[in-house]
Amino acid sequence: MRLLRFRYGDRIATGAILEDDTIKVLKGTFFEDPLPTGEEVPLDDVRLLAPVLPSKIVAVGKNYAAHAAEFGMTVPEEPLLFLKPSTAVIGPGDPIPLLPISHRVDYEGELAVVIGSLARSVKAEEAGKVILGHTIGNDVTLRDLQKTDDQWARAKGFDGSCPLGPWIETDLDPHDFDEGRTVQTHLNGDLKQDGSTRDLIFDIPTLVAYITSAMTLLPGDVILTGTPEGVGPMQVDDEVEVSIAGIGTLTNKVAQR
């Protein structure tokens, strides 16, 4: 099932996409046993929004060996975590802002995990019970500030640094090796990143267990699982598309703020 948030006319609603590309409108949030309202609207008539509004985004650095290598770094022995604030989130089609404090802004396409219930001290083998589904994220990074700042709060937490969408896929198995879950990023139509969740150093159950051993994840919180090799800079008017097999494509353009 694909769950989404959207604007239809002058209201914001949640829904599930049906096979004929109509949306079954839901009452309430995804986390409180939402019920159908009986209304259906065409998918083409709505504006997609970020599928969740998380209290926090927990991101994982250097979780693909090839990405670590492209920066001359070694693979960490434990997951490398950092936080992005709720104000970093934007939705499909929203502009990624270029800020005057930076001269290089990079794309980083990633698989994102959406938490569905309160998660504290979760065992790896129980991780699936607290996951609502998966979506697509772009860990936009001010690369020059990442190199100069001791902490990454500005470089990775600025407004608009976390595009999410286009929806949450609840039936995806990100570690389905037979089918494969490709993670690709195109910049202005050119393929820049082409990875697979098979190459994650720390898989999703491991990440959920590691994160929740230290902090509580709330319904709607997001885990960004890391980016494949091939990250690079964006300029004003560039269009970046992050695609994941089984989910879809998240598209944003770059704009000067």
Side-chain angles (χ1 to χ4, degrees), residues 1-57 84 86-96 109-118 128-138 140 160 162-174 176 179 181-186 197 204 217-225 239-253 255:
M1 179 181 296
R2 289 179 169 174
L3 304 174
L4 72 166
R5 288 178 63 250
F6 60 92
R7 181 181 294 278
Y8 182 63
D10 59 356
R11 62 191 174 104
I12 293 175
T14 59
I17 301 176
L18 303 176
E19 291 184 359
D20 61 353
D21 280 345
T22 59
I23 300 171
K24 178 173 63 177
V25 180
L26 302 175
K27 180 180 180 180
T29 71
F30 305 134
F31 315 106
E32 300 169 350
D33 297 323
L35 297 173
T37 64
E39 181 184 9
E40 296 183 0
V41 298
L43 179 60
D44 289 342
D45 291 350
V46 307
R47 177 189 172 191
L48 297 180
L49 305 175
V52 287
L53 298 174
S55 74
K56 57 186 172 295
I57 302 101
K84 295 170 87 80
S86 59
T87 49
V89 173
I90 57 175
D94 290 339
I96 298 171
E110 311 199 6
L111 173 69
V113 180
V114 180
I115 298 300
S117 59
L118 189 144
K129 295 181 179 180
V130 301
I131 293 174
L132 174 66
H134 301 82
T135 189
I136 302 171
N138 189 347
V140 182
C162 190
L164 289 176
W167 41 64
I168 302 166
E169 175 57 67
T170 62
D171 297 325
L172 179 81
D173 178 0
D176 182 348
E179 184 175 346
R181 297 301 175 191
T182 56
V183 180
Q184 296 183 327
T185 302
H186 288 81
T197 55
I204 290 170
L217 295 176
L218 302 178
D221 281 352
V222 170
I223 300 172
L224 294 181
T225 59
E239 182 176 79
V240 57
E241 299 171 294
V242 184
S243 302
I244 296 180
I247 301 179
T249 300
L250 169 67
T251 303
N252 300 86
K253 294 193 72 171

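Residues take their numbers from the sequence shown, with the count starting at 1.
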Does the [X] side chain pair with the main chain of [Y], one donor and one acceptor, at a distance under 3.5 Å?
{"X": "T185", "Y": "V242", "result": "no"}
{"X": "T14", "Y": "G28", "result": "yes"}
{"X": "T182", "Y": "Q184", "result": "no"}
{"X": "R2", "Y": "I247", "result": "yes"}
{"X": "T197", "Y": "P174", "result": "yes"}
{"X": "T37", "Y": "L26", "result": "no"}

What pair of heavy atoms forms the shortest contact from [X] to [Y], and how long is it?
{"X": "F6", "Y": "V46", "result": "CD1-CG1, 3.7 Å"}
{"X": "T249", "Y": "S243", "result": "OG1-OG, 2.8 Å"}
{"X": "P166", "Y": "L48", "result": "CB-CD1, 3.8 Å"}
{"X": "P54", "Y": "D221", "result": "CB-CA, 3.8 Å"}
{"X": "G137", "Y": "A112", "result": "N-CB, 4.2 Å"}
{"X": "G246", "Y": "L172", "result": "CA-CD1, 4.1 Å"}

Are the side chains of [X] and [Y] in touch, meaning some heavy atoms are under 4.5 Å apart?
{"X": "C162", "Y": "L224", "value": "yes"}
{"X": "L217", "Y": "V130", "value": "no"}
{"X": "L3", "Y": "V114", "value": "no"}
{"X": "F30", "Y": "T170", "value": "no"}
{"X": "I131", "Y": "I204", "value": "yes"}
{"X": "V52", "Y": "T135", "value": "no"}

Rounded to the nearest 0.5 Å, how far does [atom2] of [Y] lie from [atom1] of [X]?
{"X": "I12", "Y": "L49", "atom1": "CD1", "atom2": "CG", "answer": "5.5 Å"}
{"X": "E169", "Y": "L4", "atom1": "CD", "atom2": "CG", "answer": "11.5 Å"}
{"X": "H134", "Y": "D171", "atom1": "NE2", "atom2": "CG", "answer": "11.0 Å"}
{"X": "L250", "Y": "I244", "atom1": "CG", "atom2": "CD1", "answer": "9.0 Å"}
{"X": "I23", "Y": "L43", "atom1": "CD1", "atom2": "CG", "answer": "5.0 Å"}
{"X": "I223", "Y": "I57", "atom1": "CD1", "atom2": "CD1", "answer": "11.5 Å"}

Under the side-chain contact (heavy atoms from CB on, under 4.5 Å) criterion, do V89 and V222 qualify, and how do the steps go? CA-CA 10 Å; V89 173; V222 170; over 6 Å; no
Answer yes when E110 and K84 have at least one side-chain N-carboxylate O distance shorter than 4.0 Å, and no when they do not.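 Not counted as a salt bridge, because no side-chain N and carboxylate O are separated by less than 4.0 Å.
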Does R47, at its CZ atom, have more than 12 non-hydrogen atoms belonging to other residues, nucleotides or ligands within less than 6.0 Å?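 Open.
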